[in-house]
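Just so you know, residue 1 is the first one in the sequence shown, and it goes up from there.
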Amino acid sequence: MTWMCGCYGLVLLVLGVMGQKLPTRDEGLFQMQIRDKAQFHDSSVMPDGAEISGYLFRDTPKRYYFVVEEDNTPLLVTVTPCDAPLEWRLTLQELPEDRSGEGSGEPEPLEQQKQQVTANEGTELFTYKGNDVESFISTSSPSGLYQLEIISTEKDSNFKIYSTTTPESDQPYPELPYDPRVDVTALGRTTVTLAWKPTPTGSIMGQPIQYCVVINKEHNFKSLCAAEAKMSLDDAFMIAPKPGRDFSPFDFAHFGFVPSENDFKDRSLTTNRALSNKMSRPYIPKPKVADIQKICIGNKNIFTVTDLKPDMQYYFDVFAVNTGTNMSTAYVGTFARTKEEAKQKTLELKDGKVTDVFIKRKGSKFLRFAPVSSHQRVTLFVHACLDAVQVQVRRDGKLVLSQNVEGVRQFQLRGKPKAKYLIRLRGSRKGASTLKVLASTRAGGKQPFPALPEDTRIKAFDKLRTCSSVTVAWLGTQERNKYCVYKREVSESYGEEHRRREQNQCAGPESRRKSEKVLCKYFHSANLQKAVTTETITGLEAGKSYLLDVYVVGHSGHSVKYQSKLVKTRKYC
């Protein structure tokens with residue numbers, strides 16, 4: 001069996017290649033042919049039992065010719081569209097009667113062969129139109145000249161062809177199991193677990209098999225080359241060849257050949273003006289990596305796809321790939337929609353009322369504020385008791401605030417009649433968060449939370465330390481507030497990490513023991529530069545460590561704690 005390819009109606013039939021005794025392939029000749037790179041790279045001769053990769057310009061047919069030299073020869077022809085539906089037709093023309101059945105005669109003149117093909121349409125054996133991987137198979141084919149004509153009417157396209165006269169022994173494509181479906185065995189918000197039955201080619205016949213999984217959001221693929229075409233730079237599996245010349249007839253990488261870079265460079269079209277308009281194609285941008293992904297996983301037949309988006313539909317395809325031949329077979333793909341995110345309960349805020357909020361580590365909470373009456377302004381108070389939290393506010397769906405909050409913050413939001421506010425609070429990565437939140441439309445009046453200075457640290461004066469007392473200072477504001485000081489003896493091993501874990505600013509004086517209370521006093525200053533107060537704490541023991549806390553209490557009773565201060569009395573005086 002001898003194969004040829006003709007482009008744009010030109011039929012090139014080379015019968016000088018050694019004849020083969022059919023139906024058995026001459027394996028020695030086959031190995032000699034695939035080692036001869038020059039023979040196939042330019043003449044497009046394809047040996048029996050090899051797969052070729054080709055390229056079609058839109059509406060420009062390509063024809064392949066081959067000769068079956070003996071009657072009753074098995075024949076298999078498989079065409080794989082890669083990125084567009086194809087139309088293809090297989091026809092048979094009888095060989096000249098005086099031709100030797102053994103394939104040992106002299107080649108006929110080229111012009112005579114062309115006349116025979118163009119003058120006789122031959123017998124149509126098979127036609128197909130679509131994007132499925134389709135095959136013509138016959139257990140007993142007559143001798144003659146076979147013509148395979150392929151055309152793409154939608155766009156420039158790639159394709160693959162495989163043909164053989166020994167289909168029973170070759171079996172280059174992995175065989176599908178009796179149930180070729182891909183099943184979804186587990187479904188989560190960001191994960192999908194797939195399972196499929198192994199191919200007998202690997203499990204029974206011992207061929208080298210690996211499975212490749214393709215994930216995308218658009219549709220299932222019917223061949224691996226179709227998926228790879230979608231993943232490539234210009235929506236084509238391979239670079240377009242020079243017009244008027246066949247592309248590389250088979251996968252040189254599979255046979256150990258490395259094609260020259262010059263073979264794949266864009267060529268000038270001045271030599272073929274008729275095709276210039278067909279090469280002026282619009283650029284098709286490369287799909288995003290996240291839109292389509294191929295993962296080869298070895299010979300496992302269970303795989304969990306991760307890092308998916310919640311409530312999103314995905315398509316999953318599995319391909320069994322023979323790593324010895326690099327040829328693949330598609331399982332029946334599937335699709336699934338990931339689960340939705342767990343819906344958060346939305347807390348309703350009441351106008352002028354403080355709401356306590358707890359957020360898990362890395363978690364989030366949603367609050368809704370819907371004022372009953374019309375309003376011009378909304379005042380939002382957020383008291384982050386522990387680490388910083390992120391606050392986002394949307395008014396009727398429009399983002400109006402996004403801030404990180406530490407301690408107590410007050411925000412003024414412009415109001416609108418019948419407006420509704422959605423507040424999202426996102427917790428810290430360090431640990432759980434607790435907050436106090438208040439929203440109010442009431443203008444003026446006393447604020448629920450006390451005003452705080454920018455710096456809420458407590459300053460200790462080392463030179464004023466004694467064996468029984470320490471002197472500390474802290475900043476105040478222009479607002480008259482009540483300040484309460486508490487002390488607690490701690491061990492020598494008590495450090496900053498312990499202090500940080502206990503730094504809950506929302507825990508007020510009511511959570512402390514009466515024995516820990518030092519004093520309470522009122523303080524303010526009209527001049528912020530002078531808003532500083534000091535206090536000497538007495539009755540301490542020599543050489544002991546103490547944790548000091550200052551609470552500022554607002555008019556409504558809500559309190560905020562300053563940053564705790566660790567102090568130590570002198571051991572010797």
Side-chain angles (χ1 to χ4, degrees), residues 5-8 46 51-66 75-92 121-138 141 146-164 167 172-176 179-182 212 214-232 234-238 240-241 246-247 250-251 278 281 284 287 292 294 315-321 327-335:
C5 171
C7 300
Y8 318 118
M46 176 180 169
E51 186 179 57
I52 69 169
S53 297
Y55 189 87
L56 289 170
F57 294 105
R58 189 186 65 190
D59 296 330
T60 304
K62 181 174 279 192
R63 298 179 180 90
Y64 288 84
Y65 301 88
F66 54 92
L75 178 62
L76 168 68
V77 178
T78 300
V79 178
T80 303
C82 289
D83 50 353
L86 301 178
E87 298 180 31
W88 61 277
R89 183 174 66 139
L90 184 66
T91 56
L92 167 65
E121 288 295 325
T123 304
E124 186 175 279
L125 301 177
F126 188 80
T127 59
Y128 175 76
K129 179 180 180 180
N131 58 1
D132 283 328
V133 179
E134 191 58 71
S135 298
F136 167 81
I137 186 166
S138 173
S141 297
Y146 288 75
Q147 174 185 280
L148 176 65
E149 181 178 273
I150 308 177
I151 187 171
S152 173
T153 57
E154 288 192 6
K155 63 176 182 178
D156 298 350
S157 178
N158 300 277
F159 63 92
K160 291 176 179 285
I161 302 173
Y162 173 77
S163 337
T164 182
Y173 295 100
E175 183 181 347
L176 288 175
D179 182 1
R181 294 173 298 179
V182 178
C212 293
V214 173
I215 308 106
N216 81 105
K217 300 177 184 177
E218 295 182 5
H219 55 75
N220 289 109
F221 291 100
K222 297 180 179 180
S223 67
L224 184 56
C225 78
E228 290 172 331
K230 187 71 174 176
M231 296 172 67
S232 64
D234 58 353
D235 202 26
F237 181 50
M238 307 177 83
D246 282 343
F247 195 52
F250 38 70
D251 185 356
K278 295 181 180 180
R281 305 292 186 215
I284 302 175
I292 180 169
K294 182 182 79 170
Y315 295 84
F316 305 95
D317 291 289
V318 173
F319 301 93
V321 182
M327 298 166 77
S328 60
T329 302
Y331 279 70
V332 178
T334 188
F335 62 90

Trainee: Minimum heavy-atom separation for P61 and E149, please, with both atom names.
Mentor: CB-CG, 4.2 Å
Trainee: Is there side-chain contact between N158 and C225, with at least one heavy-atom pair below 4.5 Å?
Mentor: no
Trainee: Can a donor-acceptor pair be found, under 3.5 Å and without considering hydrogens, that links the side chain of N216 to the backbone of E218?
Mentor: yes
Trainee: Distance check, rounded to the nearest 0.5 Å: R58 atom CZ versus I151 atom CD1?
Mentor: 11.0 Å
Trainee: Find the distance between OG1 (T123) and CG (L92) and round it off to the nearest 0.5 Å.
Mentor: 5.5 Å
Trainee: Could you check if a side-chain atom of L148 sits within less than 4.5 angstrom of a side-chain atom of F136, using non-hydrogen atoms only?
Mentor: no
Trainee: What pair of heavy atoms forms the shortest contact from V133 to K222, and how long is it?
Mentor: CG2-O, 3.6 Å
Trainee: How far apart are the closest heavy atoms of G130 and P81, and which atoms are they?
Mentor: O-CG, 3.9 Å
Trainee: Does F335 have more than 12 heavy atoms from other residues, nucleotides or ligands lying within 6.0 Å of its CZ?
Mentor: no
Trainee: Tell me whether D317 contacts the main-chain N or O of F221 through its side chain, where contact means a donor paired with an acceptor under 3.5 Å.
Mentor: yes
Trainee: Calculate, to the nearest 0.5 Å, the distance between atoms OG1 and CG belonging to T80 and N131 respectively.
Mentor: 11.5 Å
Trainee: If I take atom CD from residue E124 and atom CZ from residue R89, how far apart are they, to the nearest 0.5 angstrom?
Mentor: 5.5 Å
Trainee: How many angstroms lie between atom CG of L224 and atom CE of M327, to the nearest 0.5 angstrom?
Mentor: 12.0 Å
Trainee: Suppose we screen for ring pair (Phe, Tyr, Trp, His ring centres under 6.0 Å). Which residues come up paired with F319, at least two apart in sequence or across chains?
Mentor: none
Trainee: Rounded to the nearest 0.5 Å, what separation is found between the OH atom of Y128 and the CD atom of E87?
Mentor: 11.0 Å
Trainee: Name all residues meeting the ring pair (Phe, Tyr, Trp, His ring centres under 6.0 Å) criterion together with F126; count only those two or more places apart in sequence or in a different chain, and write none if there are none.
Mentor: W88
Trainee: Please check this pair: side chain of K62 against backbone of Y55, looking for a donor-acceptor N/O pair closer than 3.5 Å.
Mentor: yes
Trainee: Residues in side chain to side chain donor-acceptor pair (under 3.5 Å) with T334, at least two apart?
Mentor: none
Trainee: Would you say the side chain of E51 lies within less than 4.5 Å of the side chain of T78, judging by non-hydrogen atoms?
Mentor: no
Trainee: Output all residues satisfying side-chain contact (heavy atoms from CB on, under 4.5 Å) with S141, sequence neighbours left out; order by chain, then residue number.
Mentor: L75, S138, Y146
Trainee: Can you tell if the side chain of V214 reaches within under 4.5 Å of the side chain of I292, non-hydrogen atoms only?
Mentor: yes
Trainee: Could you tell me whether the side chain of T329 and the main chain of A320 form a donor-acceptor pair under 3.5 Å?
Mentor: no
Trainee: The criterion is ring pair (Phe, Tyr, Trp, His ring centres under 6.0 Å); which residues satisfy it with F316, sequence neighbours excluded?
Mentor: none
Trainee: Are E134 and V79 side-chain neighbours, meaning at least one heavy-atom pair lies under 4.5 Å?
Mentor: no
Trainee: For D83 and A229, which heavy atoms make the closest approach, and how far apart are they?
Mentor: CB-CB, 3.6 Å
Trainee: Please enumerate all residues that pass salt bridge (Lys or Arg N to Asp or Glu O under 4.0 Å) together with E175, with sequence neighbours excluded.
Mentor: none
Trainee: Could you check if a side-chain atom of V77 sits within less than 4.5 angstrom of a side-chain atom of Y64, using non-hydrogen atoms only?
Mentor: no
